[in-house]
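None of the values given here were measured: they were computed from a predicted structure.
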Amino acid sequence: LVAGNWKMHGSHSANAELLSGILAARPFACDVAVCVPFPYLSEAAVALAGSDVRWGAQDCSAHDKGAYTGEVSAAMLAEFGCRYVIVGHSERRAMHGETDQLVADKAKAVLARGLTPIVCVGETLGQREQGTAQATVKRQLSAVIHALGHCVGEMVVAYEPVWAIGTGVTATPEQAQEMHALIRAQLQAATAHADAMQILYGGSMKPDNAASLLAQQDIDGGLIGGAALKAADFVGICRAT
Ligand code: PGA
């Protein structure tokens, strides 16, 4: 799975150009998705309907409905044909104070509406330097595994080392594979479906470094930020699979 995380980028004209560029490059040998800002979901749905390119959102509420001003529920996202919802992105954990428990609750809310959560985990540079990277990721993942119970196998996990996001510094394929193998082992302890689950790498993945990352045994795709905003780059990564 190669999923674009557009973050807070886009406009009607830029979206039309990007989506038509992606559609023109089909077929792909992998699952492809774009996670767009909420206001652009309907135009993504119109542009991508009938194609095998999927769409989704970048966050949602842990609640189904109610007095939560500014929030968007998984039920609403389902009405727009979303397949995926990113939850627990490090930018939301850092800037919006999202806790492991809240991220787990969001993942559960997404699954409850029949959508697939892309659950982001990953350590900061400080945590890596202190030697707590593995413990951090394990803790983040444990909260979600606990909340999802027998549905664990239905989520997508994205390992995104915070120090690699938007920095141009990518984890080496070996560093990424080491963490992905630990994530796989943790999933294996929780579900019989772990081997079939998609574990994505995210953090400065580009067309020129994608192949070496994706060649690793436990890297099953990418969550792409900056390089998802240009059709040629995004398509380049899809082709690298
Ligand atoms: P990046 O972002 O590809 O720009 O590093 C990835 C992400 O934040 O999902």
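- The shortest distance between side-chain heavy atoms of Asp64 and Arg113 falls below 4.5 Å.
- Lys7 NZ: more than 12 foreign heavy atoms inside a 6.0 Å radius.
- In terms of heavy atoms, Leu19 sits closest to Ala44 at CD1-CA, 4.0 Å.
- The distance from atom CD of Gln217 to atom CD1 of Ile219, rounded to the nearest 0.5 Å, is 10.5 Å.
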### Task
Take Val85 and Lys106, measure what side chain to side chain contact (heavy atoms under 4.5 Å, CB included) needs, and give me the verdict at the end.
CA-CA 9 Å; Val85 184; Lys106 288 184 173 193; over 6 Å; no
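- Separation of atoms NE2 (His146) and CD (Gln101) is listed at 7.5 Å; rounding is to 0.5 Å.
- Atom NE2 of His12 has 12 or fewer heavy atoms from other residues, nucleotides or ligands within 6.0 Å.
- The shortest side-chain heavy-atom distance between Val2 and Met205 does not fall under the 4.5 Å cut-off.
- Contact detail for Val110 and Thr116: the closest heavy-atom pair is CG1-C, 3.8 Å.
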### Task
Give the C-alpha distance, both sets of side-chain angles, the deciding distance and a yes or no for side chain to side chain contact (heavy atoms under 4.5 Å, CB included) between Met8 and Glu91.
CA-CA 11 Å; Met8 199 171 71; Glu91 286 153 14; over 6 Å; no
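- Taking each heavy atom of Lys206 and Ile237 in turn, the nearest pair found is C-CG1, 3.6 Å.
- The 12-atom threshold is not exceeded at CD of Glu17, counting heavy atoms of other residues, nucleotides or ligands nearer than 6.0 Å.
- To the nearest 0.5 Å, atoms OG1 (Thr191) and CG (Leu148) are separated by 10.5 Å.
- Side-chain contact between Val34 and Leu18 is absent, with no heavy atoms from C-beta onward closer than 4.5 Å.
- When only modelled atom types and interatomic distance are considered, Asp100 and Gln140 share no side-chain donor-acceptor pair under 3.5 Å.
- Judged by distance alone, with hydrogens and angles left aside, the side-chain atoms of Tyr201 form a donor-acceptor pair with the main-chain N or O of Ala171 at under 3.5 Å.
- Between the side chains of Ser142 and Gln186, at least one donor-acceptor pair of N or O atoms lies under 3.5 Å.
- Listed for the Arg184 side chain is a donor-acceptor partner under 3.5 Å among the backbone atoms of Met197.
- Across all non-hydrogen atoms, the minimal contact from Cys30 to Cys238 is SG-O, 3.8 Å.
- Between Thr241 and the choices Val32, Leu214, Leu1, Asp220, the side-chain contact (heavy atoms from CB on, under 4.5 Å) rule is met once, by Leu214.
- Using modelled atom types, no side-chain atom of Trp163 and backbone atom of Val169 make a donor-acceptor pair closer than 3.5 Å.
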### Task
Using the side chain to side chain contact (heavy atoms under 4.5 Å, CB included) rule, take Asp31 and Gln198 through it: C-alpha gap first, then chi angles, then the decisive distance, then the call.
CA-CA 10 Å; Asp31 297 339; Gln198 291 171 321; 3.2 Å; yes
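- A donor-acceptor contact shorter than 3.5 Å links the side chain of Gln127 to the backbone of Thr124.
- Pairing each heavy atom of Ala104 with each of Ala143, the nearest pair is CB-O, 3.4 Å.
- For Gln188, the CD atom is densely surrounded, since the number of other residues' heavy atoms within 6.0 Å is greater than 12.
- In this structure, the separation between OG on Ser204 and CD1 on Ile224 is 10.0 Å, given to the nearest 0.5 Å.
- In the hydrophobic clustering of this structure, Tyr84 does not group with Val144; members are Ile, Leu, Val, Met, Phe, Trp, Tyr whose side-chain heavy atoms approach within less than 4.5 Å, directly or through other members.
- Put simply, the side chain of Trp6 does not reach to within 4.5 Å of the side chain of Cys35, judged on heavy atoms.
- Hydrophobic clustering of Ile, Leu, Val, Met, Phe, Trp and Tyr side chains at less than 4.5 Å, counting indirect connections, keeps Leu223 apart from Leu229.
- The shortest side-chain heavy-atom distance between Val72 and Cys60 does not fall under the 4.5 Å cut-off.
- For the atom pair CH2 of Trp55 and CZ of Phe80, the computed distance is 11.5 Å after rounding to the nearest 0.5 Å.
- Heavy-atom neighbours of Glu174 CD from other residues, nucleotides or ligands within 6.0 Å: above the threshold of 12.
- A 4.5 Å side-chain heavy-atom check between Met155 and Pro117 finds at least one atom pair inside the cut-off.
- No more than 12 heavy atoms of other residues, nucleotides or ligands lie within 6.0 Å of NZ in Lys230, so this atom counts as exposed by the packing criterion.
- Ile118 and Leu102 sit in two unconnected hydrophobic clusters of ILVMFWY residues. Membership requires side-chain heavy atoms under 4.5 Å apart, directly or through other members.
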### Trace of the side chain to side chain contact (heavy atoms under 4.5 Å, CB included) decision for Gln177 with Thr172
CA-CA 8 Å; Gln177 168 56 27; Thr172 64; over 6 Å; no
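- For the pair Arg26 (side chain) and Leu23 (backbone), a donor-acceptor distance under 3.5 Å is present.
- With contacts defined as side-chain heavy-atom distances shorter than 4.5 Å, the pair Val36/Leu41 qualifies.
- With a 4.5 Å cut-off on side-chain heavy atoms, Val53 and Ile22 count as touching.
- When hydrophobic clusters are built by joining Ile, Leu, Val, Met, Phe, Trp and Tyr residues whose side-chain heavy atoms come closer than 4.5 Å, directly or via intermediates, Val156 is not grouped with Val119.
- A side-chain donor-acceptor contact under 3.5 Å links Thr136 to the backbone of Thr132.
- Residue Ala33 comes nearest to Phe234 through the heavy atom pair O-CZ, 3.5 Å, listed as atom of the first residue, atom of the second, then distance.
- From Asn5, atom CG reaches atom CG of Leu200 across 11.5 Å, with rounding to the nearest 0.5 Å.
- Checked by atom type and distance alone, the side chain of Arg128 never pairs as donor or acceptor with a backbone atom of Ala133 at under 3.5 Å.
- Val157 and Ile165 fall into different hydrophobic clusters, where Ile, Leu, Val, Met, Phe, Trp and Tyr residues are linked whenever their side-chain heavy atoms come under 4.5 Å apart, directly or through other members.
- Judged by distance alone, the side chains of His89 and Gln58 never bring a donor and an acceptor atom under 3.5 Å apart.
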